[in-house]
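Down below is the structure, laid out as structure tokens.
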Amino acid sequence: MTKTLKIRDLTLRDGQQSSFATRMTQEQIDRCLPYYKDANFYAMEVWGGAVPDSVMRYLNENPWTRLETIHDAIGSVSKLTALSRGRNLFGYAPYTDEIIDGFCRNAIESGLGIMRIFDCLNDVDNVKSTIKYVKKYGGTADCAVCYTVDPKYPEISFWGKLTGRKNPEPVFTDDYFIGKAKQLADLGADMITIKDMSGLIPPQRVSTLIKKLKNNVNIPIDFHTHCTPGYGLASVYAAIAAGVDIVDTNCWWFGGGTGAPALELVYIFCRKLGIDIGVDMKAVSEINKQLKAIRSELNKSVFGEDKPAPKPFDPVTDAVPAEVEAELDRAVKAASSEDFATLLDAAQKIEAYFGFPAPNKLVQEAEIPGGMYSNMVAQLKQLKAEEILPRAMELIPSVRLSAGLPPLVTPTSQIVGAQAVSCAMDEKAGRAMYTTKSSQFVSLVKGEYGHTPVKIDPEFRFKICGVREETPYDTSKYTMQPNPELPEAGGMKLASDEKEVLLLELFPMVAKTFLTNEKVRIYEAEQAKKAEDDKPAEQVAEETFAPITGNTINAPLPGRVIEIKVKVGDTVKVGQEVVILEAMKMENSITSDYAGKVKQIFVKDGNAVQSDAPIIELE
């Protein structure tokens with residue numbers, strides 16, 4: 001009997017998100033869809049993650065249209081899949097069951113087949129509602145266990161050893177991951193994914209986990225990883241040899257590097273083992289013809305240059321080079337005999353031959369997600385403080401442990417990384433660490449994200465949040481986003497149906513701008529059809545400000561103003577919160593270092609500000 005392996009293609013979601021900042025337009029996707037219909041992938045990940053936000057923010061496109069258009073083209077040939085963060089969905093706070101219900105129902109009605117559900121803390125309580133509603137509306141609940149590693153704690157000093165100081169015991173053991181999978185299966189999961197978002201799982205570890213999962217749960221197991229630190233391809237090969245049911249891959253031109261391994265390298269490995277992946281590789285060849293051109297377009301539009309690409313290779317028409325053939329034979333033998341060092345060496349040589357990006361040694365040694373590292377670098381560049389990166393990296397283990405040792409996955413990786421940067425900046429400025437903290441870090445420590453893998457010290461929680469007891473998020477206090485009528489759009493509602501209301505709830509700032517522009521466009525088109533003369537736009541005088549003579553409250557870092565808490569004439573006390581600033585996807589509370597009366601406010605809600613820019617003047 002022929003062995004089989006199912007393939008989930010990530011190209012149109014995780015693939016483009018990992019390598020091209022989620023900038024694929026609908027037109028670019030449309031070029032590929034006829035060939036995807038012929039390819040016969042088990043599943044195609046096309047939605048969720050950063051897609052809904054990015055298509056509105058950068059492409060002025062409707063996320064629901066993206067999903068529906070792909071479903072119309074693919075039909076039932078492949079299951080369309082999306083990624084969501086359990087109770088948080090796409091945001092940074094838990095949503096009510098009403099919103100989770102509406103989101104799951106609309107997604108499935110729009111063509112979604114599989115919802116991959118994960119929680120940033122691996123807290124199973126946070127995925128219960130999504131499992132329930134996905135299954136209620138006929139979808140498949142793919143429950144992910146986020147793979148992570150224990151921090152590399154600083155070496156204990158000689159004196160510390162003498163006094164009996166020890167580093168914490170390991171938390172993220174095999175038993176931890178198997179226990180989470182069994183809990184999810186008991187909740188009704190239809191499949192379990194090992195979600196290695198950082199690419200940190202080596203071949204030996206994934207082989208062990210796959211075998212233990214197969215012995216402990218009776219549902220399909222999927223393996224998802226990335227290639228950033230260099231383990232990706234070897235770990236997929238090890239997972240296949242261990243009997244995994246499904247693996248996640250990208251098509252050639254979007255494979256490797258920060259993304260998942262290339263499908264073609266999995267296909268030729270499976271061919272040697274007599275495993276049928278069920279994919280029409282001739283159709284994949286046609287997809288790759290489109291992707292090669294799209295890759296070049298995206299490189300130039302996103303990065304301003306055509307970045308290096310792998311060598312062209314098509315296993316349907318091209319002979320496997322002798323050098324690669326030899327390494328494949330080594331890989332097959334090593335995977336079968338569980339010689340994981342040889343397997344890793346062979347897989348890395350195969351990728352090197354084809355010109356895929358080399359392993360990122362810094363990420364491998366630091367054992368943090370590549371995206372988390374790049375976010376920290378970008379944040380420090382904006383602050384013109386790149387020199388403190390080493391110290392921020394040193395602080396990650398202590399910040400993470402103090403916050404309950406959360407897995408480093410979106411959004412906790414960004415929260416911990418941003419806080420490590422803030423602590424390093426506080427230290428540099430002579431302030432106590434945690435003087436500057438994001439509202440998301442406060443929420444994490446308070447307990448609003450859920451139960452952390454280890455308990456948080458009540459005194460640390462009190463220091464950060466002002467409470468000692470874990471305090472879950474109270475969804476009964478949730479308030480819906482305002483949905484006003486738009487005068488500039490002839491009185492149309494900002495959100496005119498349930499799908500648009502959901503966009504407004506899940507992406508408040510981005511959706512407000514997108515929907516406003518969309519309604520204005522519709523209104524203006526209707527007016528044009530009625531042959532009415534366009535009224536000239538009123539000229540708005542540029543706002544001017546008086547010379548600054550008092551104390552100013554400045555932006556501590558670049559970002560976007562979410563909310564101004566005071567108005568001109570208000571009296572402000574030292575330490576009073578005056579502005580909420582979004583920076584690096586974190587909400588930061590800006591407080592006043594001075595007392596006085598508000599003389600001028602230099603920004604409005606939604607304005608972008610640079611580091612140290614004056615926001616408010618006090619007199």
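Side chains included, hydrogens not; waters and symmetry mates left out as well; all remaining heavy atoms used.
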Is there a donor-acceptor pair closer than 3.5 Å between any side-chain N or O of [X] and the backbone N or O of [Y]?
X: D605; Y: I564; value: yes
X: T471; Y: V467; value: no
X: T412; Y: P407; value: yes
X: S422; Y: A418; value: yes
X: E45; Y: L10; value: no
X: S54; Y: V51; value: no
X: S438; Y: F441; value: yes
X: E367; Y: L200; value: no
X: D53; Y: A50; value: no
X: S592; Y: V574; value: no

### Query
So does K182 have more than 12 non-hydrogen atoms from other groups sitting under 6.0 Å from NZ?
no
Measure the shortest side-chain to side-chain distance between [X] and [Y] over non-hydrogen atoms and say whether it is less than 4.5 angstrom.
X: T208; Y: F177; answer: no
X: H226; Y: D196; answer: no
X: F118; Y: V409; answer: yes
X: T552; Y: I616; answer: no
X: M56; Y: L503; answer: yes
X: V561; Y: V609; answer: yes
X: I590; Y: I580; answer: no
X: P508; Y: L504; answer: no

Tabulate below the donor-acceptor pairs under 3.5 Å that side-chain atoms of residues 145-152 make, not counting sequence neighbours, or state none.
from : atom 1 : to   : atom 2 : distance (Å)
Y147 : OH     : R205 : NH1    : 3.1
T148 : OG1    : R400 : NH2    : 3.0
D150 : OD1    : V171 : N      : 2.9
D150 : OD2    : V171 : N      : 3.3
D150 : OD2    : F172 : N      : 3.2
K152 : NZ     : E365 : O      : 2.6

### Query
Passes ring pair (Phe, Tyr, Trp, His ring centres under 6.0 Å), Y473 versus Y449? Steps please.
CA-CA 7 Å; Y473 185 85; Y449 280 82; 8.9 Å; no
For the atom pair [atom1] ([X]) and [atom2] ([Y]), what is the distance rounded to the nearest 0.5 Å?
X: E459; Y: R468; atom1: CD; atom2: CZ; value: 4.5 Å
X: K455; Y: L405; atom1: NZ; atom2: CG; value: 14.0 Å
X: E470; Y: E448; atom1: CD; atom2: CD; value: 10.5 Å
X: E577; Y: K565; atom1: CD; atom2: NZ; value: 5.0 Å
X: K381; Y: M376; atom1: NZ; atom2: CE; value: 13.5 Å

Taking atom types as modelled, is there a side-chain donor on [X] or [Y] under 3.5 Å from an acceptor on the other?
X: E617; Y: Y594; result: no
X: K195; Y: T225; result: no
X: T173; Y: D175; result: no
X: T436; Y: D426; result: yes
X: R116; Y: T193; result: yes
X: Y176; Y: N122; result: yes

### Task
Start with the C-alpha gap between Q576 and V566, add the side-chain angles, then the distance that decides, and say whether side-chain contact (heavy atoms from CB on, under 4.5 Å) holds.
CA-CA 10 Å; Q576 180 178 335; V566 294; 3.8 Å; yes
### Query
Has K307 got its NZ or CZ under 6.0 Å from the middle of the six-membered ring of F303, at an angle within 45 degrees of the ring axis?
yes
### Query
Relative to Y58, does R23 satisfy both conditions: NZ or CZ under 6.0 angstrom from the six-membered ring centre, and within 45 degrees of the ring's axis?
yes
Between [X] and [Y], what is the shortest heavy-atom contact and its length?
X: T130; Y: C104; result: CG2-SG, 4.0 Å
X: K599; Y: P547; result: NZ-O, 3.7 Å
X: L581; Y: A555; result: CD2-CB, 4.4 Å

#### Entry: Trace of the side chain to side chain donor-acceptor pair (under 3.5 Å) decision for E505 with Y478
CA-CA 11 Å; E505 292 304 311; Y478 182 86; 2.3 Å; yes
### Task
Tell me, please, which residues at least two apart from A234 pass side-chain contact (heavy atoms from CB on, under 4.5 Å).
P203, L343, L344, A347
### Query
Can you list the steps and then say if F507 with F514 is a ring pair (Phe, Tyr, Trp, His ring centres under 6.0 Å)?
CA-CA 10 Å; F507 313 96; F514 169 74; over 10 Å; no
## Note on the structure
The single option from F90, Y95, Y133 that satisfies ring pair (Phe, Tyr, Trp, His ring centres under 6.0 Å) with F103 is F90
### Query
Among T96, N126, D123, D97, which residue meets the side-chain hydrogen bond (donor to acceptor under 3.5 Å, both in side chains) test with R87?
D97
